[in-house]
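See structure below.
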Amino acid sequence: MHHFEKIQEIIQNAITGENFTEEPRALYEPISYSLNTGGKRLRPALLLMAVDLYSSDIESFVLPALGIEIFHNFTLVHDDIMDNASLRRNQPTVHAKWDTNTAILSGDAMFIKAYEYILKYEGRKAHAIYRIFNRSAMRVCEGQQYDMNFETSSDVTEKEYLHMIELKTAELIACSLKIGALIGGSDDEEADQLFEFGKNLGMAFQLQDDYLDSFGDEQAFGKNIGGDILADKKTYLLIKAYEKADARDREKLDQLIGNKNIDSQSKIMQVLDIYYRLGIERITAQKAEQYFNDALEILDNLSKTNEEKRPLTELAHSMMKRKK
Ligand code: IPE
Ligand code: IPE
Ligand code: MG
Ligand code: MG
Ligand code: MG
């Protein structure tokens, strides 16, 4: 069995082996930077762990797994432009370090590279896998558009929020597991079970990302705390705050959200103050926990031994305990 650290190492070695040294440097250097500033490598690890459930040969599938990681990093490079974020993994984001045009074009090139790597899988299920990946990649874009639409909307419901994060985040995590299962030789039903496991895990993961964006430790998280508040993101936290607020807090939130003329730190402090007062920390953690438990139950029902499923179970647990 390959455990998370071992798989992270395999993925890291593969990335180091692909050094993106082509010309012009202004195009390729940000790619190399984006892929080498750390990152937890969750999606390729989940993919390879799913392969490992059905096949003893994970080494042959490292490059297609890398394709998913490159795609993920591409989404982050563009997401940071869209979210006006200047810090990721404790380093300046690509558009902050270079400029926006560079981040757009290097991101585009990463998207192309992602396909190049995924297409290195040429096995029996290749066409099905390309279709699954395409569908998920498109759904990520749909989720990202809803996320942006919601910035300027003041009546986003919990249901709409959950649909948005299912698209922008849970989909790619689920798709990684499903692709891994199919590559490894699972039947369609098992692959779908792993997809559902990933979907629920991904929901928990994004809820926790929203949680950490407000309540996390900046040094550990590696992103600027309060970024979602400044961008007027309709996170689970904000939706619940509105739900719990009395007339006075509601009025205060109305004054703060969408207001680009207040000092940033003051806006963050005032919103956080309301979150703390209304117990949003606990409410959000509970919702994440609920999806996490559903995920574990689905995994439990997969007909493999607990020993075989242990790497996935452990990785899922470590995703929920994360500070970064
Ligand atoms: C960040 O994903 C984007 C979200 C979907 C929340 P990760 O937290 O997996 O990012 P890295 O690659 O480990 O930095
Ligand atoms: C990211 O959501 C989802 C995708 C990149 C597709 P966030 O915008 O919350 O991710 P972070 O917090 O910037 O990593
Ligand atoms: Mg975003
Ligand atoms: Mg973001
Ligand atoms: Mg976030």
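When a ligand or atom number is given, it counts from 1 through the structure's own listing order. Because the structure is predicted, anything quoted here is derived from the model rather than measured. What you see below is based on every heavy atom in this structure, not just the backbone, and it leaves out hydrogens, waters and symmetry mates.
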Under 3.5 Å, is there a donor-acceptor pair between the [X] and [Y] side chains?
{"X": "Glu69", "Y": "Tyr117", "answer": "no"}
{"X": "Tyr161", "Y": "Asp210", "answer": "yes"}
{"X": "Asp209", "Y": "Gln206", "answer": "yes"}

Side chains of Ile229 and Leu238 in contact at under 4.5 Å (non-hydrogen atoms):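 No, their side chains stay 4.5 Å or more apart.
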
The Mg ion (ligand 5) - name of the N/O/S atom of Asp209 that sits closest to it: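 This turns out to be OD2.
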
Could you go through ligand 1 and list every pair where one of its N or O atoms sits under 3.5 Å from a protein N or O, giving the atom names and the distance to one decimal?
| residue | atom | partner | partner atom | Å |
| --- | --- | --- | --- | --- |
| ligand 1 | 2 (O) | Arg43 | NH2 | 3.3 |
| ligand 1 | 8 (O) | Lys40 | NZ | 2.6 |
| ligand 1 | 9 (O) | Arg43 | NH1 | 2.8 |
| ligand 1 | 9 (O) | Arg43 | NH2 | 3.3 |
| ligand 1 | 10 (O) | His72 | NE2 | 3.4 |
| ligand 1 | 12 (O) | His72 | NE2 | 2.8 |
| ligand 1 | 12 (O) | Arg89 | NH2 | 2.8 |
| ligand 1 | 13 (O) | Lys40 | N | 2.8 |
| ligand 1 | 13 (O) | Lys40 | NZ | 2.8 |
| ligand 1 | 14 (O) | Arg89 | NE | 2.8 |
| ligand 1 | 14 (O) | Arg89 | NH2 | 3.3 |

Polar protein atoms (N, O or S) that approach the Mg ion (ligand 4) to under 2.8 Å: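 Listed by chain and number, the atoms are Asp79 OD2, Asp83 OD2.
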
Exercise: identify the closest heavy-atom pair between Pro64 and Ile118: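 Scanning both residues, the minimum pair turns out to be O-CG1, 3.8 Å.
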
Over all atoms of both residues, closest heavy-atom pair of Glu158 and Lys240: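 What the structure gives for the nearest pair is OE1-NZ, 2.8 Å.
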
Qualifying salt bridge (Lys or Arg N to Asp or Glu O under 4.0 Å) pairs, either residue in residues 108-123, two or more places apart: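 For residues 108-123, and leaving out neighbouring residues, the salt bridge (Lys or Arg N to Asp or Glu O under 4.0 Å) pairs sorted by first residue read Glu22-Lys113, Lys113-Glu116.
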
Contact list for residues 256-274, test salt bridge (Lys or Arg N to Asp or Glu O under 4.0 Å), sequence neighbours left out: Asp232-Lys260, Asp232-Lys267, Asp273-Arg277

Candidate pair Leu42 and Leu315, rule side-chain contact (heavy atoms from CB on, under 4.5 Å), full reasoning: CA-CA 8 Å; Leu42 295 172; Leu315 176 50; 3.8 Å; yes

Derivation and outcome, ring pair (Phe, Tyr, Trp, His ring centres under 6.0 Å), residues Phe133 and Tyr130: CA-CA 5 Å; Phe133 177 70; Tyr130 307 153; 9.1 Å; no

